[in-house]
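Here is the structure we will look at.
Values below: all heavy atoms of this structure, side chains included; hydrogens, waters and symmetry mates excluded. Here, residue 1 is the first one in the sequence, and each next residue gets the next number.
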Amino acid sequence: MGGVITAERIALLIEGAPAWALIGLTAPDERLRAAAQLEVAQRVYGGLFQPVNADGAQMPLPW
């Protein structure tokens with residue numbers, strides 16, 4: 001899923017985050033909240049900036 005970054009796209013990526021992370025965002029424990037925030041952020045970042053591997057058998061370029 002490439003293209004323009006929109007609020008709708010970010011919302012879809014957040015919605016696709018693991019349920020524990022979405023629930024953990026409201027946890028009273030600070031460590032759990034921090035872990036949940038990191039998990040959701042990694043999900044959004046990965047969806048926006050990681051290249052989509054169209055062919056899993058193809059080797060990536062070495063840079």
Side-chain angles (χ1 to χ4, degrees):
M1 182 169 158
V4 179
I5 298 172
T6 63
E8 291 80 14
R9 186 168 169 210
I10 294 170
L12 285 173
L13 290 168
I14 291 171
E15 182 181 21
W20 76 264
L22 298 175
I23 294 168
L25 292 173
T26 63
D29 180 34
E30 185 176 340
R31 288 182 299 146
L32 182 57
R33 272 195 322 270
Q37 290 168 356
L38 182 59
E39 181 68 30
V40 172
Q42 288 174 336
R43 169 77 179 177
V44 172
Y45 179 83
L48 294 176
F49 298 110
Q50 298 301 318
V52 176
N53 191 359
D55 183 8
Q58 183 176 358
M59 292 179 60
L61 294 174
W63 62 55

Answer whether the closest heavy-atom distance between the side chains of Arg43 and Val40 falls below 4.5 Å. no
Can you find a pair of side-chain heavy atoms, one from Gln42 and one from Leu38, that are under 4.5 Å apart? yes
Specify the closest pair of heavy atoms between Arg9 and Val4, including all atoms of both residues, with the distance to one decimal. NH1-O, 3.4 Å
Can you tell me which residue pairs pass the ring-ring contact (aromatic ring centres under 6.0 Å, His included) test with a partner in residues 23-48, sequence neighbours excluded? Tyr45-Phe49
Show me, pair by pair, the donor-acceptor contacts under 3.5 angstrom made by side chains of residues 14-34, not counting sequence neighbours?
residue, atom, partner, partner atom, Å
Thr26, OG1, Ile23, O, 2.9
Asp29, OD2, Leu32, N, 3.4
Arg33, NH1, Ala27, O, 2.9
Arg33, NH1, Pro28, O, 3.2

Report yes or no: do Leu13 and Ile5 belong to one cluster of Ile/Leu/Val/Met/Phe/Trp/Tyr joined by side chain heavy-atom distances under 4.5 Å? yes
